[in-house]
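What you see is a predicted model, and the numbers here were worked out from it, not measured in a lab.
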Amino acid sequence: MPRRYWLMKTEPDVYSIDDLERDGVTCWEGVRNYQARNNMMAMSVGDEVLIYHSNAKPPGVVGIARVVREAYPDHFQFDPGSRYFDPKSDPENPRWYMVDVAFVKKFDRVVGLPEIKADPELADIQLVRHGRLSVQEVKPAEFRRIKKLARKK
DNA sequence: GCCAACGTTGGC
DNA sequence: GCCAACGTTGGC
């Protein structure tokens, strides 16, 4: 099974790449969109993940993480005190899953969304074409390209 | 703060 | 199963 590549969004005010660096490993809870969930369920240990800061100035890719635990039920869906509580989810058949990811690196500079949009090699990236999805698959060439852009300047 | 895009809900 | 209403995302 070849390694796959992903992009996951987070709002830095809520959980940033610096928080991930501090924590080392974190569970990626709170994904409440079926397509995003399905992407998490397709992840394997060892897959690499671009970390994207949304609602940030500037929005963009800020670093890399690695999947260290494959999808398992997100227990926050059963916690009435959690903002991620889902009263419609059945504990016998959980609706929402999460993965664990580990910090790999923080880029020396943010690869901003305008730069990604302007790059011909990234013209088909889902981030541009289906902007709102919070967990996306990234093609190997796109992953390499963003890593390369992060080294520029 | 605005609003376009788009996913979800629920009446019928 | 359609689709209008509604809620959320997220760039600007």
Measure the distance from NE2 on A/His130 to P on C/dT9 and round it to the nearest whole Å.
19 Å
Taking atom P of C/dT9 as reference, at what distance in whole Å does atom CD of A/Gln35 sit?
15 Å
Can you measure A/Ile116 atom CD1 to C/dG10 atom P for me and round it to whole angstrom units?
14 Å
Give a yes/no on whether any side-chain N or O of A/Lys9 is located under 4.0 angstrom from OP1 or OP2 of C/dG10.
yes
Does a side-chain heavy-atom distance below 4.5 Å link A/Leu50 with A/Ile64?
yes
Please report the distance, rounded to the nearest Å, between CE in A/Met8 and P in C/dG10.
13 Å
Just the rounded figure in Å: distance from P of C/dT9 to CG of A/Leu113.
17 Å
For A/Asp74, enumerate each residue passing the side chain to side chain donor-acceptor pair (under 3.5 Å) test, keeping only those at least two apart in sequence or located in another chain.
A/Arg32
Sequence-distant partners of A/Tyr5, ring-ring contact (aromatic ring centres under 6.0 Å, His included), two or more places apart
A/Phe143
Min side-chain heavy-atom separation A/Met98-A/Val31 under 4.5 Å:
no
Nearest whole Å is fine: how far is C/dT9 C1' from A/Leu133 CG?
11 Å
Counting only side-chain nitrogens and oxygens, does A/Tyr52 get under 4.0 Å of the OP1 or OP2 atom of C/dT9?
no
Angle, rounded to 10°, between the helical axes spanning five pairs at each terminus of the helix from B/dG1-C/dC12 to B/dC12-C/dG1?
10°
Determine: side-chain N/O of A/Lys88 to OP1/OP2 of B/dG10, distance under 4.0 Å, yes or no.
yes
Salt bridge (charged side-chain N to carboxylate O under 4.0 Å, His left out) contacts touching residues 121-134 of chain A (sequence neighbours left out):
A/Glu121-A/Arg145, A/Asp124-A/Arg129
Spacing between A/Glu115 atom CD and C/dG11 atom P, to the nearest angstrom:
15 Å
Measuring from atom CD of A/Glu142 to atom CD1 of A/Ile116, what distance do you get when rounded to the nearest 0.5 angstrom?
10.0 Å
Can you check the A/Tyr84 OH to C/dT8 P distance for me, whole Å?
13 Å
So if I take every side-chain heavy atom of A/Tyr34 and compare against B/dT8, B/dG10, C/dG10, which nucleotide ends up nearest?
B/dT8
Going by the rule ring-ring contact (aromatic ring centres under 6.0 Å, His included), which residues pair with A/Trp96 if we only count those two or more places apart in sequence or in a different chain?
A/Tyr34
Report, as a single string ordered 5' to 3', how protein heavy atoms within less than 4.0 Å touch nucleotides 2-7 of chain C: B base, S sugar-phosphate only, - not at all.
------
Do the non-hydrogen side-chain atoms of A/Phe103 and A/Ile51 ever get within less than 4.5 Å of each other?
no
I'd like to check A/Arg4 versus A/Ser44 (side-chain heavy atoms, cut-off strictly below 4.5 Å). Are they in contact?
no
